[in-house]
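Report on the following structure.
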Amino acid sequence: MRYTEYLLNTLKETPADAEVISHQLMLRTGMIRKVAAGIYSYLPFGLRAVRKVEQIVREEMDRAGAIELLMPMVTPADLWSESGRWEQYGKELLRLKDRKDTEFCLGPTHEEVITDIVRREVKSYRQVPLNLYQIQTKFRDEIRPRFGLMRGREFIMKDAYSFDVDEAGADIAYDKMYQAYRRIFERCGLKFRAVEADTGNIGGSASHEFMVLAESGEDAIVSCDSCEYAANVEKAEILFTAGATPLATHPLTEVSTPAQRSIADVASFLKIAQSQLVKTLIVKTDSDETLAVLLRGDHELNEIKLCRVLGCNEVLMADDATVTQVTGAPVGFAGPVGLKLRVIADHAVSAMADFVVGANAVDTHYTGVNNGRDFAVATFADLRQAEAGDRCPRCDGGTFESWRGIEVGHVFKLGHKYSRALNAVVLDADGKERTLFMGCYGIGIGRSVAAAIEQNHDENGIIWPLPIAPFQVMITMLNPKDDAVRQTSEQLYTDLRSAGIEVLLDDRDERPGSKFKDADLLGIPLRVTVGGRGIKEGALELQVRADGSKDSLPLAEAAQRIVARVDAELAAWR
RNA sequence: CGGGGAGUAGCGCAGCCUGGUAGCGCACCUGCCUUGGGAGCAGGGGGUCGCAGGUUCAAAUCCUGUCUCCCCGACCA
């Protein structure tokens with residue numbers, strides 16, 4: 001591609017509304033442009049990277065035996081009613097009506113549609129195992145889209161769905177996808193980790209997330225420093241070994257704590273550690289129960305775990321009015337003593353004695369509090385968020401380290417959730433109906449591109465991993481008005497292209513400085529500089545974007561050596 | 001949706017407090033000059049100041065409403 005015939009506008013300055021580096025660089029390199037919140041156009045340079053990732057995904061899906069198809073983006077409400085998700089999904093599902101007032105939605109995921117296809121087409125156990133995938137635009141009306149392609153409302157996703165007659169088959173399908181995902185992200189040049197995850201509202205029994213390690217990641221993950229266990233903090237189990245409850249040694253005492261509302265405030269006011277406090281959270285469930293949740297002062301509530309314990313879909317922190325009403329005190333002074341609510345507590349609380357809680361009265365706390373003696377806990381459970389330093393639940397002696405990650409892929413064992421709802425069954429060898437076991441497997445394509453940039457950049461711009469680079473080689477033609485320079489560049493351009501190399505020829509009449517800056521920004525892995533100086537010496541300069549190393553190529557063999565280099569490096573990624 | 005911030009040329013910003021000619025840098029166009037790390041000179045194009053209403057002789061500026069965007073939280077590939 002010739003720069004002068006391409007659509008590629010780089011920005012010298014960073015647009016003010018881009019926060020994370022991948023978003024900034026995608027805007028500065030002209031990969032994407034925003035059309036509305038969370039909705040982007042992929043400009044030519046950006047689309048090339050997207051297509052590269054798609055191609056890797058396609059190759060690995062095919063290799064793993066999955067079959068590509070394409071489902072519609074607009075899907076009828078009827079199907080969603082069958083699974084119950086028309087009601088469950090909420091505002092994230094963008095609903096619309098056609099001219100006849102029939103209801104539809106833009107597909108946020110395609111379990112319903114694929115299950116409908118399979119129940120119509122697949123009648124016999126002989127037709128499974130089957131794994132179908134598509135690469136398609138999804139729409140989720142996210143509450144808060146952000147960070148460019150990292151969390152868009154409209155985004156390109158690869159989604160695959162496996163169907164098996166029994167659980168053993170489903171496990172094999174899951175494992176195949178898991179392995180395929182590892183290959184995909186390795187081939188994309190990403191440093192990632194597969195972690196155990198919560199299944200969220202997709203449902204199902206088990207799942208792993210593929211997390212690209214990055215400071216800007218929206219997810220917190222923990223991993224064991226001595227075994228293989230790694231999990232999203234939403235999911236990570238806390239090791240708790242029940243011991244004897246420590247004995248109470250202090251009487252219940254009321255203390256004045258004027259205007260000390262937060263755990264940090266109270267701890268420093270009373271000159272005690274935060275772990276000596278118990279925090280009392282007043283929460284409301286989606287079935288309208290208001291209850292109190294107790295956690296050690298330095299621990300964080302994990303709402304997903306709480307939901308699982310309560311058997312509900314959602315818990316919300318109670319609003320100020322509710323807190324005031326049930327505790328009789330303003331927010332900041334709630335405590336379990338004398339509280340007329342169901343109290344459930346994290347395991348850690350059962351190992352505490354003589355702790356501090358709010359007294360349900362303004363500017364007042366209790367010290368010397370003990371559960372059992374001063375209040376009753378209905379249920380103890382694992383309710384808190386895992387954190388660095390916690391003991392590993394899977395091995396002896398390991399402790400957690402914590403990371404931030406970008407979720408680029410997620411694999412789920414769905415079991416019968418959708419196949420039962422939509423009655424996707426086959427006849428087995430005995431002529432009996434068997435409900436299909438399903439799995440579903442997603443990859444965020446655009447997010448993977450963004451994640452690759454998060455991991456591969458420096459202060460000058462992007463450093464593309466070769467397999468997903470929009471172009472493999474950039475020729476920087478220093479002075480297009482110099483005939484020797486122009487002819488040499490043109491010849492190299494032609495030679496490389498005919499050898500199948502993807503090359504961007506910077507034939508603009510710009511000064512060298514601008515061209516070098518743009519080359520660094522665009523981050524094409526190999527850069528060949530063609531200038532009068534080199535030509536006089538009969539050589540071209542090859543510079544590697546990743547490490548800045550330079551190599552002098554004799555003119556006569558330049559093309560051939562570049563081709564060999566691209567081929568060799570590409571081979572290393574497969 | 002709750003909390004915070006911002007809308008002035010494609011991008012980055014000033015002007016607003018104290019009402020009166022819409023401005024700067026980059027980018028873009030023309031010419032000259034220059035060609036190994038974002039040159040220089042000269043000329044030029046581009047704006048319903050987010051939108052609507054109000055106050056006023058006069059509104060980017062003051063008032064009211066509204067929309068959009070960004071950041072923090074819940075959601076997720």
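Residue numbering restarts at 1 for every chain, and letters A, B, ... go by the order of the sequence lines.
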Map A:G532 and A:V408 onto RNA chain B by nearest heavy atom, then report which one ends up closer to the 5' terminus.
A:G532
Nearest-angstrom distance, C1' atom, B:A42 to B:G5:
42 Å
Under a 3.5 Å cut-off for both distances, is B:C69 Watson-Crick or wobble paired, and to whom?
B:G5
Euclidean distance for C1', B:C75 against B:A14 (whole angstrom):
39 Å
Of B:G37, B:A77, B:C75, the nucleotide closest to the side chain of A:E218 is B:C75
Can you find a pair of side-chain heavy atoms, one from A:I562 and one from A:L492, that are under 4.5 Å apart?
yes
Any sub-3.5 Å donor-acceptor pair from A:R140's side-chain atoms to A:P108's backbone N or O?
yes
Check A:V309, A:I282, A:D346, A:V283 against A:V293 for a side chain to side chain contact (heavy atoms under 4.5 Å, CB included) and give me the one that passes.
A:V283
Base, sugar-phosphate or nothing for A:G152? Non-hydrogen atoms, less than 4.0 Å.
base
Considering only side-chain heavy atoms of A:A37, which listed nucleotide, B:U35, B:C69, B:A27, is closest?
B:C69
Under 4.0 Å between a side-chain N/O of A:R144 and OP1 or OP2 of B:C72, yes or no?
yes
Using Watson-Crick or G-U wobble geometry with both distances under 3.5 Å, which nucleotide pairs with B:C24?
B:G12
Would you kindly check whether a donor in the side chain of A:R151 faces an acceptor in the base of B:C76, or vice versa, at under 3.5 angstrom?
yes
How is A:G409 classified with respect to the nucleic acid when contacts are heavy atoms under 4.0 Å: base, sugar-phosphate, or nothing?
sugar-phosphate
Under 4.0 Å, heavy atoms only, any strand: does A:T529 hit a base, just the sugar-phosphate, or nothing?
base
For the side chain to side chain contact (heavy atoms under 4.5 Å, CB included) test, which of A:V195, A:V212, A:D219 pairs with A:E407?
A:D219
Quantified in whole Å, what is the C1' atom distance between nucleotide B:C41 and nucleotide B:A59?
39 Å
Short side-chain N/O contact to B:C72 OP1/OP2 from A:R146, under 4.0 Å
yes
Does the ring of A:F155 meet both stacking tests against the six-membered base ring of B:A77: centre distance under 5.5 Å and plane angle under 30°?
yes
What orientation do A:Y174 and A:H208 show, parallel under 30°, tilted 30 to 60°, or perpendicular over 60°?
tilted
Under a 3.5 Å cut-off for both contacts, is B:G37 paired Watson-Crick or G-U wobble with anything, and if yes, with which nucleotide?
none
Candidates B:A77, B:G38, B:C71 - which lies nearest the side chain of A:S514
B:G38
Considering only heavy atoms and no angle criterion, is a donor-acceptor pair shorter than 3.5 Å present between the side chain of A:R511 and the base of B:C33?
no
Using the six-membered ring of A:W80, assess whether NZ or CZ of A:R95 lies under 6.0 Å from its centre and within 45 degrees of the ring axis.
no
Take the protein atom CG of A:N232 and the nucleotide atom P of B:A77, then report the distance between them rounded to whole Å.
11 Å
Rounded to the Å, how far apart are A:K517 NZ and B:G36 P?
16 Å
A:D17 CG to B:C69 P, straight-line distance once rounded to whole Å
11 Å
Using atom P of each nucleotide, how far apart are B:G31 and B:C24 to the nearest Å?
24 Å
Taking any heavy-atom pair under 4.0 Å as a contact, classify A:R486: base, sugar-phosphate, or nothing.
nothing
Do A:R508 side-chain and B:G38 base share a donor-acceptor contact under 3.5 Å?
no
For A:D506 and B:G38, give me the distance from atom CG to atom C1', rounded to whole Å.
13 Å
Mind checking who B:G45 pairs with, Watson-Crick or G-U wobble, both distances under 3.5 Å?
none
Tell me: NE2 of A:H23 to P of B:C11, nearest whole Å?
12 Å
Mind calculating the distance between CD (A:E92) and P (B:C1) to the nearest angstrom?
16 Å
Which is true for A:G446 with a 4.0 Å heavy-atom rule: it touches a base, it touches only sugar-phosphate, or it touches nothing?
nothing
Looking at every non-hydrogen atom in both residues, tell me the closest pair between A:C188 and A:I468 and how far apart they are.
O-CD1, 3.8 Å
In terms of the nearest nucleotide of RNA chain B, which residue is placed more toward the 5' end: A:I143 or A:K34?
A:K34
Should the pair A:Y181 and A:F210 be assigned to parallel (<30°), tilted (30 to 60°) or perpendicular (>60°) ring geometry?
tilted
Check the distance between B:U35's P and A:K481's NZ and give it to me in whole angstrom.
11 Å
Using the rule given for salt bridge (charged side-chain N to carboxylate O under 4.0 Å, His left out), can you reason through A:R183 versus A:E59, listing the C-alpha separation, both sets of side-chain angles and the distance that settles it, and then say yes or no?
CA-CA 10 Å; A:R183 292 185 55 91; A:E59 286 171 20; over 6 Å; no
Between B:A60 and B:U8, how far apart are the two C1' atoms, rounded to whole Å?
7 Å
Look at all strands and tell whether A:Q543 reaches a base, only sugar-phosphate, or nothing, counting heavy atoms closer than 4.0 Å.
base
NA contact type, A:D219, heavy-atom cut-off 4.0 Å: base, sugar-phosphate, or nothing?
base
Taking only the side-chain heavy atoms of A:R533 (C-beta and beyond), determine which of B:C13, B:G38, B:G36 contains the nearest atom.
B:G36
Which is true for A:E541 with a 4.0 Å heavy-atom rule: it touches a base, it touches only sugar-phosphate, or it touches nothing?
base
Check: A:D507 and A:Y493 side chains under 4.5 Å, non-hydrogen atoms
no
Looking at B:U64, which nucleotide sits across from it as a Watson-Crick or G-U wobble partner, both distances under 3.5 angstrom, or is there none?
B:A52
Partner of B:C76 by Watson-Crick or G-U wobble geometry, both contacts under 3.5 Å, or none?
none
Under-3.5 Å donor-acceptor pair between A:K515 side chain and B:U35 base
no
Taking the same atom, P, in B:U61 and in B:G50, what whole-Å distance lies between them?
8 Å
Across the strands shown, which category fits A:N9 at heavy-atom distances under 4.0 angstrom: base, sugar-phosphate, nothing?
nothing
Take atom CG of A:L521 and atom P of B:G37, then tell me their distance rounded to the nearest Å.
18 Å
Taking B:U68 as the reference, what is the distance to B:G25 when you measure between their C1' atoms (whole Å, please)?
27 Å
Looking at every strand, decide which applies to A:D520 at a 4.0 Å heavy-atom threshold: base, sugar-phosphate, or nothing.
base
Using the P atom in both, what is the distance from B:G36 to B:C72, to the nearest Å?
44 Å
When we call it a touch if two heavy atoms are under 4.0 Å apart, what does A:F147 touch: a base, just sugar-phosphate, or nothing?
sugar-phosphate
NA contact type, A:E510, heavy-atom cut-off 4.0 Å: base, sugar-phosphate, or nothing?
base
